[in-house]
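Single-structure report; data block below.
Computation of the quantities below employed the complete heavy-atom set of this structure, encompassing side-chain atoms and omitting hydrogens, waters and symmetry-equivalent molecules.
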Amino acid sequence: MLITLRNISVRAGDRICLRHVNWTLHRDEQWAIVGPNGSGKSQLAKLIAGESVPARGEIEYHFGLEDSQGVPEDEVEYVSLESHRALAELVSEYHQARWESFEGEDCPTVRAFLNDRPCARANCRTELTALIRRLDMDALLDRRLIHLSNGETRKVLLTKALVARPRLLIVDDPYAGLDVHSRLALRKILGELMRHEVALLLVSRTLDELPEGVTHLLYLDKGRIAAMGPKERLLKDRALARRITRGSRATTTGVRLRLDRHPEPKEKPDVLVRIRDASVAYDGVNILHGINWTIRAGEHWALLGPNGSGKSTLLSLILADNPQAYATDIELFGSPKGSGESIWEIKEQIGWVAPEMQIFYDGDSTCLQVVCSGFFDSIGLYQRCSPHQYATARRWLHDFGLEKVTDAPFHSVSEGQQRMALIARALVKNPLMLILDEPCAGLDEAHRRALLDFVNAIGVQMNTTILFVTHHEDEIPPCITHALRLRKGRVARRGLLRR
């Protein structure tokens with residue numbers, strides 16, 4: 001045996017999110033936890049990783065000569081949204097700090113971060129070098145952690161956990177934020193790791209990308225174990241396999257997305273964004289090189305490119321978060337940048353969803369407060385809302401099936417529910433432009449389909465321009481008309497979307 005859970009119940013805020021979990025992990029088994037959004041997958045992983053404590057029951061670790069009810073030091077590594085959040089809090093106090101040239105001077109580089117833990121294995125340095133190469137991270141080594149994109153940060157956290165060779169490696173949503181090459185490389189690395197006596201516990205929203213070495217599945221539904229056992233046996237049950245892989249209609253019965261309940265944005269100018277010869281550099285490293293891009297009314301764009309291609313930096317120019325925009329020829333919503341408009345006047349026109357936003361919300365914000373903060377374009381609610389604004393925010397939460405967690409702490413709900421609340425935040429002010437950066441990250445298959453249908457309806461029916469950023473090109477909604485593809489900070493392709 002490796003770990004034993006006996007009659008475990010877990011509380012998140014004032015809700016019981018896991019009930020009566022009994023489960024034993026054996027040393028020769030490789031497990032994946034699957035289930036719909038809000039089923040308790042991440043809460044179970046956090047509990048095993050020692051990031052939370054059960055409200056009831058006990059967990060026992062069988063790692064050494066004596067069993068322990070505490071997580072054995074250096075035996076368990078955990079990579080998740082929470083570990084990303086902890087790193088972000090360590091290196092920066094606010095999201096925009098990433099773009100400030102005077103921030104991050106004391107922040108460690110990727111090289112220093114990866115080498116700050118001694119390793120006793122003789123081939124540790126060789127393994128680290130190989131992981132860096134396989135995950136295409138050589139160009140990141142001298143970059144400061146504060147300047148990394150979401151996907152780049154995820155690769156750094158994964159590399160540090162992988163090279164540690166723990167007895168148990170827990171990875172929640174292992175491919176979040178990774179481009180196609182990195183997903184394929186990581187899948188192969190995880191498969192190899194399982195053959196070297198490392199127990200793996202993956203939290204996944206899809207079975208498609210699980211390494212072949214995964215032997216067992218634990219299927220959670222509504223906070224309870226609905227099925228568990230050898231993967232091959234469970235997937236022979238066609239009805240169960242369909243629920244695990246595709247979800248069921250019941251999964252999204254709470255989602256009632258109705259555009260007719262929400263007013264259209266005001267009329268917009270013929271040109272929303274015009275960027276001419278934009279270049280951005282940090283610490284002498286060029287991130288963008290001579291970017292030219294125009295977004296016109298009636299167009300919906302996909303922004304594509306591998307990790308490190310410059311997508312986040314380009315978005316920071318449009319979102320008015322990057323001070324280097326003032327030294328660049330940019331026109332936003334009919335006005336040249338620096339012509340007297342404030343950052344907040346620009347942000348007023350844009351609804352935005354991104355993984356980084358999910359990371360920087362504090363733990364005390366409720367889901368309602370998160371949605372309400374969209375009226376003020378702040379990460380956190382620092383102003384009093386009007387009764388009309390509260391009613392509008394509650395209507396969006398209702399439309400996304402989140403009314404039961406309206407007053408729940410944002411960090412206590414599932415990652416998928418957090419993502420849906422952030423999408424409601426982006427829509428709450430009826431923006432002229434909707435920027436969706438990896439909007440499906442953290443969503444199960446049923447909610448992913450529902451969201452993409454909704455995004456497509458916005459593009460077809462409303463006067464809102466959509467900018468859709470993704471590493472999964474099969475997610476691009478039919479309404480998207482154009483694509484800009486970046487590679488190494490340069491435009492690799494721009495124009496009509498080829499399907």
Side-chain angles (χ1 to χ4, degrees), residues 8-19 21 35-56 78 80-90 92-95 172-173 176 203 205 220 222-224 254-255 353-385 389-428 441-444 447:
I8 291 287
S9 293
V10 175
R11 183 181 297 276
D14 60 354
R15 300 176 298 111
I16 296 293
C17 60
L18 284 172
R19 297 177 183 273
V21 173
N37 291 136
S39 60
K41 301 184 300 297
S42 294
Q43 293 292 344
L44 182 54
K46 286 170 61 177
L47 175 73
I48 295 173
E51 299 291 319
S52 66
V53 295
R56 185 180 299 110
Y78 178 49
S80 66
L81 181 68
E82 282 72 24
S83 57
H84 193 154
R85 182 178 289 124
L87 180 61
E89 291 174 349
L90 180 66
S92 62
E93 295 182 358
Y94 55 101
H95 170 256
D172 192 339
D173 203 359
V203 179
R205 289 144 191 89
L220 287 173
K222 298 179 181 178
R224 298 179 183 271
V255 181
V353 177
E356 292 88 346
M357 183 184 299
Q358 198 161 346
I359 288 165
F360 277 94
Y361 268 95
D362 65 59
D364 295 330
S365 296
T366 66
C367 291
L368 177 61
Q369 289 171 331
V370 167
V371 177
C372 285
S373 68
F375 290 113
F376 310 105
D377 302 296
S378 56
I379 298 183
L381 184 61
Y382 307 104
Q383 302 183 50
R384 184 181 297 276
C385 287
Q389 288 172 326
Y390 273 125
T392 301
R394 289 181 183 278
R395 190 159 58 244
W396 276 112
L397 284 164
H398 181 271
D399 281 5
F400 276 97
L402 298 173
E403 62 269 26
K404 291 183 178 180
V405 297
T406 294
D407 298 314
F410 184 62
H411 290 178
S412 75
V413 304
S414 75
E415 184 178 341
Q417 290 170 318
Q418 290 179 31
R419 183 54 54 95
M420 289 188 288
L422 289 175
I423 294 169
R425 175 194 182 276
L427 291 165
V428 76
L443 298 186
D444 60 44
H447 282 91

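- Residues Leu402 and Trp396 have side chains not in contact (no heavy-atom distance under 4.5 Å, counting atoms from C-beta outward).
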Practice item. Determine, stepwise, if the pair Tyr78 / Ile48 fulfils side chain to side chain contact (heavy atoms under 4.5 Å, CB included). Key: CA-CA 9 Å; Tyr78 178 49; Ile48 295 173; over 6 Å; no
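- Ile359 places a side-chain heavy atom less than 4.5 Å from the side chain of Leu81.
- Considering all non-hydrogen atoms of both residues, Leu443 and Asn37 come closest at CA-OD1, 3.5 Å.
- Shown here for Ser378 and Tyr361, the closest heavy-atom pair between the two residues is O-OH, 3.3 Å.
- What you find for Cys17 and Gln43 is that their closest heavy atoms are SG-CG, 3.4 Å.
- More than 12 heavy atoms of other residues, nucleotides or ligands sit less than 6.0 Å from atom CZ of Arg15.
- A salt bridge links Asp172 and Arg205; the closest N-O separation between the charged side-chain nitrogens and carboxylate oxygens is under 4.0 Å.
- Leu381 and Cys385 make their closest contact through CD1-SG, 4.1 Å (heavy atoms, listed as atom of the first residue, atom of the second, distance).
- For the pair Glu403 and Leu397, the minimum side-chain heavy-atom distance is 4.5 Å or more.
- The heavy-atom pair separating Ile8 from Pro54 by the smallest distance is CD1-CB, 3.9 Å.
- Residues forming a salt bridge (Lys or Arg N to Asp or Glu O under 4.0 Å) with Arg419 (at least two apart in sequence, or on another chain): none.
- With values rounded to the nearest 0.5 angstrom, Arg425 atom CZ is found 13.5 Å from Gln418 atom CD.
- Two residues are said to be in side-chain contact when any heavy atoms from C-beta on lie closer than 4.5 Å; Val10 and Leu44 fail this criterion.
- Within the model, atoms CZ of Phe376 and CZ of Arg384 stand 10.5 Å from one another, a figure rounded to the nearest 0.5 Å.
- The distance from atom OG of Ser42 to atom CG of Asp173, rounded to the nearest 0.5 Å, is 8.0 Å.
- One distance of note links CZ of Arg19 with NZ of Lys222; it measures 12.0 Å at 0.5 Å rounding.
- Judged purely by atom type and a 3.5 angstrom limit, Lys41 has no side-chain atom pairing as donor or acceptor with the backbone of Val203.
- Distance check, rounded to the nearest 0.5 Å: NZ of Lys46 to CD of Glu82 gives 4.5 Å.
- Looking at Gln389 and Cys372, their side chains never come closer than 4.5 Å, going by heavy atoms from C-beta outward.
- Pro409 has its side chain out of reach of His411: every pair of non-hydrogen atoms, C-beta onward, lies at least 4.5 Å apart.
- The closest side-chain heavy-atom distance from Cys367 to Thr406 is not below 4.5 Å.
- When all heavy atoms of Gln369 and Asp364 are compared, the pair lying nearest together is OE1-O, 3.8 Å.
- A heavy-atom distance below 4.5 Å is found between the side chains of Leu18 and Leu220.
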